[in-house]
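Below, chain A is the first sequence line, B the second, and so on; all start at residue 1. Below, all heavy atoms of this structure are taken into account, side chains as well, without hydrogens, waters or symmetry copies.
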2 protein chains.
Amino acid sequence: MNSEFIIAVHSLVLLAHKPDGMASSEEIAANVCTHPARVRKVLGFLRKNGYVTTREGSGGGYRLCIDPSDMTLADIYRTMAAGAIKPNWCSGNPDMDCMVGSNMQEVMNDVFCGAEKQLESYFQGITIGQMLSRIKACQKT
Amino acid sequence: MNSEFIIAVHSLVLLAHKPDGMASSEEIAANVCTHPARVRKVLGFLRKNGYVTTREGSGGGYRLCIDPSDMTLADIYRTMAAGAIKPNWCSGNPDMDCMVGSNMQEVMNDVFCGAEKQLESYFQGITIGQMLSRIKACQKT
DNA sequence: TCCAACTGTAACTGTTAATATTACAGTAAC
DNA sequence: GTTACTGTAATATTAACAGTTACAGTTGGA
């Protein structure tokens with residue numbers, strides 16, 4: 001799994017938690033524990049997909065523009081990490097003479113496509129709002 | 001996802017397909033498209049978990065010792081790639097002052113554990129025997 | 001109008017993980 | 001005892017990933 005998915009989710013939860021729903025890349029990076037440039041890259045994707053708005057210049061930053069309970073991890077997965085569970089390495093070779101070796105890539109591909117759908121349906125059931133609730137629950141205990 | 005999972009599945013399907021259910025690391029490696037030493041490593045794991053038997057020395061090799069229709073991808077996943085969908089990178093830090101940053105690791109971990117279970121239940125529904133059937137179906141078309 | 005605080009991007013570096021390769025000891029069949 | 005294997009460790013080699021630097025473009029306010 002792509003770690004940009006994690007950065008995206010963490011950033012959105014943080015924005016949902018902030019009273020004014022806004023933060024700079026520097027503030028988010030400190031919370032996520034990474035470099036501001038990386039946060040800007042990830043949140044740039046989220047902006048292009050309509051999850052946040054950005055304001056450049058002094059006093060600028062990122063702001064959530066969707067209700068946290070309407071945003072699922074599946075949306076973010078599709079945006080940031082689609083196809084991430086399938087390994088980039090693959091076995092066999094379609095030009096091969098053997099039935100197994102020549103068709104394995106196609107069959108394996110189908111298997112991972114199914115796995116991806118399964119994963120997406122799981123992520124579909126978790127919203128950013130729920131993530132925030134879970135974090136609050138952690139805090140109490 | 002770990003590519004050793006793919007090598008394991010491919011090797012087992014190949015063994016299931018062979019009339020005598022047997023092959024050497026060299027033969028398997030040529031079919032999978034990797035190095036024999038890698039195949040030996042992966043099939044060593046499978047031997048330790050009781051899926052294949054090996055015979056050293058001349059005329060030796062690997063032999064399937066479980067019915068292909070009793071062996072699911074979930075078994076292989078647990079053996080070769082457990083925990084593979086969770087990224088090794090993680091955001092936040094438990095020692096942090098912020099509620100979001102300090103609890104994100106734990107919540108994210110729970111999310112990925114759930115995802116893993118979901119994936120395993122999907123793999124549970126696919127056997128090595130079915131993989132071979134799918135490959136035969138590919139061949140016909 | 002200039003300065004300070006931001007985002008947007010691209011280029012580059014360093015580090016880690018994945019894969020390939022080599023090597024050789026151990027084992028079994030002929 | 002020679003040949004054909006597995007088992008395993010060590011060592012390249014390569015690709016992926018995260019971190020960093022740099023700078024142009026934008027905005028708000030002194």
- Message: Counting the benzene-type ring for Trp, do B:Y122 and A:Y122 have ring centres under 6.0 Å apart?
- Response: no
- Note on the structure: Rounded to whole Å, the CE-P distance (B:M1 to C:dA17) equals 18 Å
- Item | d(OH, A:Y62; P, D:dT26) in whole Å | 15 Å
- Task: Please find out if less than 6.0 Å separates the ring center of B:Y51 from that of B:Y62.
- Result: no
- Task: Would you mind telling me which of C:dA29, C:dT7, D:dA16 lies closest to the side-chain atoms of A:E56?
- Result: C:dT7
- Message: When you measure from the side-chain N and O atoms of B:W89 to the phosphate of C:dT16, is any distance below 4.0 Å, counting only OP1 and OP2?
- Response: no
- Between D:dT20, D:dT26, D:dT27, which nucleotide has the shortest distance from any of its atoms to the side chain of A:S58? D:dT27
- Hey, does the side chain of B:R55 reach the backbone of B:G59 with a donor-acceptor pair shorter than 3.5 angstrom? yes
- Message: If I take atom CG in residue B:L46 and atom P in nucleotide D:dG7, what distance separates them, rounded to the nearest angstrom?
- Response: 11 Å
- Item | Test item: B:E4 side-chain N/O and B:M80 main-chain N/O as donor-acceptor pair under 3.5 Å | no
- For A:G57 and for B:R55, find the nucleotide of DNA chain D with the closest heavy atom, then tell me which residue's nucleotide is more 5'. B:R55
- Message: I'd like to know if A:R38 reaches the base of D:dG19 with its side chain such that a donor and an acceptor end up less than 3.5 angstrom apart.
- Response: no
- Of A:K48 and B:T34, the one whose closest nucleotide on DNA chain C sits nearer the 5' end is A:K48
- Message: I need the residues from residues 9-33 of chain A with at least one non-hydrogen atom less than 4.0 Å from DNA chain D; give them sorted by number, or say none.
- Response: none
- B:E116 side chain to B:G83 main-chain N or O, any donor-acceptor pair under 3.5 Å? yes
- Taken to the nearest whole Å, NZ/A:K86 to P/C:dA18 is 18 Å
- Item | Value in whole Å for how far the P atom of D:dA10 lies from NZ of B:K41 | 13 Å
- Message: Donor-acceptor pair, distance only, cut-off 3.5 Å: does the side chain of B:N31 make one with the backbone of B:E27?
- Response: no
- Toward the 5' end of DNA chain D, which comes first, A:H35 or B:R40, by nearest nucleotide? B:R40
- Item | Atom pair distance, as rounded to whole Å: CG in A:N88 and C1' in D:dA16 | 8 Å
- Query: At under 4.0 Å, does any side-chain N or O of A:R47 touch on OP1 or OP2 of C:dT9?
  - Reply: yes
- Item | Side-chain ion pair, B:E120 and B:R78, N-O less than 4.0 Å | yes
- To the nearest angstrom, how far is A:E4 atom CD from C:dT9 atom P? 14 Å
- Message: In this structure, how many angstroms lie between the P atom of D:dC17 and the CE atom of A:M80, rounded?
- Response: 13 Å
- Message: What's the closest nucleotide to the side chain of B:A37 if the choices are D:dG19, D:dA9, D:dA18?
- Response: D:dA9
- Message: Test your reading of the model: is there a side-chain donor-acceptor pair from B:N103 to the backbone of B:M99, 3.5 Å cut-off?
- Response: yes
- Note on the structure: From the candidates C:dG8, C:dA17, D:dT6, the one with an atom nearest any side-chain atom of B:T54 is D:dT6
- Phosphate-side-chain proximity, B:S3 and C:dA18, N/O vs OP1/OP2 below 4.0 Å: no
